[in-house]
Amino acid sequence: DAEFEVWEEHWVNCSLKLCQFDTLSKFADETRHQDLTLLTSFRMKNWKRLKDTLLKLEHQRDPTPELKLYKLFLSLASPEDQQLQTVEKACGDLVQMLLQKWATMPPVVSLSHLPLMHAFHQIVEVSESARIFEILASAAPASRFQDLNNILSTWRGRLPNEWHDYTEWQNIIFWRNIVFDRIASGSKVATGKKDGPATPGGAAASPAPNSPIANLINAETAWNFIKLGQVARHHGMRKVCHKMINTPARTTLTPTTALEEFSRAREQIVCEMTLNEKDSRSHLEIINSTPLTLFDRPQVAELLTYKATTMQRLGDLGGAHQTFCTAMTLCDELAVSWDAWGTYCRANYEANRERDGAAGSSDPSAPSPKRIKKEPGAAGDGPNEWGIAAMTCYLNTLRSQAEDDVINKNVARVLELLALEGADPAVGAVVADLCESIDPRHWKPWIPQLLTSLNRPEARHVEKILLRVARQFPQALYFHLRTTFLDIRAALAAATQRQSQGDPAAEEEQRMMSEALQHATAIMQQLRSRHIMVAATMEHMIDEIMS
């Protein structure tokens, strides 16, 4: 029996994530599972059933936070039971009850606290929903849109973490969509007034079609479903992702919905490319069936990037390269395009190295990477041209507005490629051309790795990067640089001593350490000359620590 209950609980959780509420509702009726009946009634918007179940449970149980929360939902969502004036007091009582429960929990916050934190989140949403109805019912027409937009902007920024359970996302987004439905349908807030224009203390009238408020509600509703689809993709639920991004379906496109349609198309393509990688031909069909003429140039460039990546997976390297070039012609500031093109160039670079047994030997049958240039002369024509092209893409990705994970990935790629091809002067030309336009904060977490390159062939390229970091982030660099400087100086002294004793291998080491010391000295001199007080203060701190 215990094992059966565990399997039953897992089945219910899976059905909730898959949005199979009809099946769960029947299961709740058959098993007389009252808590599940509450949940399914709420998610299916069966307010009468939810009200009857609440009345029954109120006589059978002591008041619990869950029951009070559903009662709060009912007081705003149900057209027949809306009680706006009681929401504030009910929220306060529920907060006190949850705080008492929180006080009984362990002092160290852990996963066991998540349900309570999620409940607090829902209470805040309900309280702000009541505020929305008040705004639409009583605020001056000129200020309604701005007040409503402020609350909805806050809602976009206040969401669960992507790794939280998908049912938490569903609960938050579903409630917001209920509020939007009530606004769109012109539902009456129970304040004792009849339907009609919004007056102080009166009912919230339905926004006129194509009005700013109506367009805002439509945009937020679509954004909610697309966001749910994106989270479902991150959780590996492909069918749920498609269900969310295709709800609600639109039959016509207008300029106000072009961004929404692009977001749906992009999420569908990324979902298929991520969760259904083997069927690349179907990915290409989806992209080709997308009406690109409806979107602006950056949007078309992003979709063409996905097309090029799909063509690369299918083995059409020439077509993929040409499609990348077309995407960059449309918009050369997209981080996703530079990142994907860099992956493509690196794949060719690795293939050539494996085949020829030498770094970057070019394949005559492969497309030429010469067009991968941010500026004239950014890519070379030597045997390592695919590696140089990849470096160009990586650095341009860092120049673009990319997310932190993309930035960190490409910084690691740059350092790896520098370690492999740092002796090539063409690589130095690429770094010199593009390094100055890259935000130095992207390099800051990688200072230890950059400093270890000072005694390698790529040191002259790394020095340019570290000089920029020294100008803007002297505190982050100083201690690491000082330690590296002293280590290099000690290694140089040891190599010099061994050479004087006749060690033949010490001569090369002495030469490398001498060059490394020159690079470290140049960086340290610039840091101390530009930030005299910072360097003096940090040296004083070191003296205090050592004393």
Side-chain angles (χ1 to χ4, degrees), residues 305 308-309 312 317 320-321 324-325 327-328 332-354 356 358-363 366-402 405-440 442-443 445-447 449-454 456-469 519:
T305 298
T309 303
Q312 178 189 357
L317 299 182
H321 188 78
F324 275 125
C325 293
M328 286 302 169
D332 62 357
E333 298 295 333
L334 281 179
V336 63
S337 299
W338 284 114
D339 183 51
W341 205 0
T343 302
Y344 166 82
C345 294
R346 183 56 185 265
N348 283 283
Y349 170 76
E350 294 289 349
N352 290 340
R353 289 191 70 201
E354 291 179 3
D356 299 328
S361 194
S362 182
D363 180 4
S368 173
K370 295 179 182 179
R371 293 187 60 184
I372 307 178
K373 300 182 181 181
K374 183 66 181 178
E375 298 173 355
D381 297 333
N384 299 331
E385 61 179 10
W386 277 116
I388 298 168
M391 178 66 78
T392 305
C393 293
Y394 298 158
L395 294 173
N396 277 299
T397 303
L398 299 180
R399 289 169 48 137
S400 308
Q401 298 296 326
D405 58 337
V406 178
I407 291 294
N408 290 331
K409 178 179 67 175
N410 280 275
V411 170
R413 289 171 168 178
V414 168
L415 296 181
E416 181 191 14
L417 200 54
L418 275 175
L420 293 173
E421 302 293 343
D424 191 338
V427 173
V430 175
V431 175
D433 288 343
L434 301 179
C435 178
E436 289 296 324
S437 58
I438 297 175
D439 192 337
H442 296 331
W443 305 107
W446 299 83
I447 287 175
Q449 288 78 11
L450 289 167
L451 290 173
T452 58
S453 300
L454 290 179
R456 293 175 54 85
E458 67 270 18
R460 62 185 184 279
H461 312 316
V462 173
E463 181 185 349
K464 299 175 184 178
I465 299 173
L466 288 171
L467 287 173
R468 297 207 67 224
V469 176
H519 296 305

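Atom CD of Gln401 sits in a sparse spot, with 12 or fewer heavy atoms from other residues, nucleotides or ligands closer than 6.0 Å.
Closest approach of Trp338 to Cys393, counting heavy atoms only: O-CB, 3.5 Å. Residues Gln312 and Leu317 approach most closely at CG-CD2, 4.2 Å, considering heavy atoms. When all heavy atoms of Thr305 and Ala327 are compared, the closest pair comes out as OG1-CB, 3.9 Å. Nearest heavy atom pair, residue Arg456 against residue Ala419, reads NH2-O, 3.3 Å. For the pair Gly342 and Ala390, the tightest heavy-atom approach, listed with the atom from each and the gap, is O-CB, 4.2 Å. The nearest pair of heavy atoms linking Trp443 to Ile438 is NE1-CG2, 3.8 Å.
Looking at heavy atoms from C-beta onward, Trp341 lies out of side-chain contact with Asn396 at the 4.5 angstrom threshold. Looking only at side-chain heavy atoms (C-beta outward), His461 and Met391 stay at 4.5 Å or farther from each other. Ile407 is not listed as a side-chain neighbour of Asp439, based on a closest heavy-atom distance of 4.5 Å or more.
Judged by distance alone, with hydrogens and angles left aside, the side-chain atoms of Arg399 form no donor-acceptor pair with the main-chain N or O of Leu434 at under 3.5 Å. The closest donor-acceptor contact from the side chain of Ser337 to the backbone of Glu333 lies at 3.5 Å or more, if one exists at all. Side-chain atoms of Asn410 come within 3.5 Å of backbone N or O of Val406 as a donor-acceptor pair.
Applying side chain to side chain contact (heavy atoms under 4.5 Å, CB included) to Trp446 and the options Val414, Leu415, Ile465, Leu451 leaves one that passes, Leu415.
Here Asp339 pairs with Arg413 in a salt bridge; the nearest charged N to carboxylate O distance falls below 4.0 Å.
Leu395 contributes atom CG, which lies 11.0 Å from atom NE2 of His442 (distance to the nearest 0.5 angstrom). Interatomic distance, CG of Leu398 versus SG of Cys435, reported as 9.5 Å (0.5 Å rounding). Note that CG of Leu467 and CD of Glu436 are 9.0 Å apart. Values are rounded to the nearest 0.5 Å.
Aromatic ring pairs are classed by plane angle as parallel below 30°, tilted from 30° to 60° and perpendicular above 60°; the pair Phe324 and Tyr344 is tilted.
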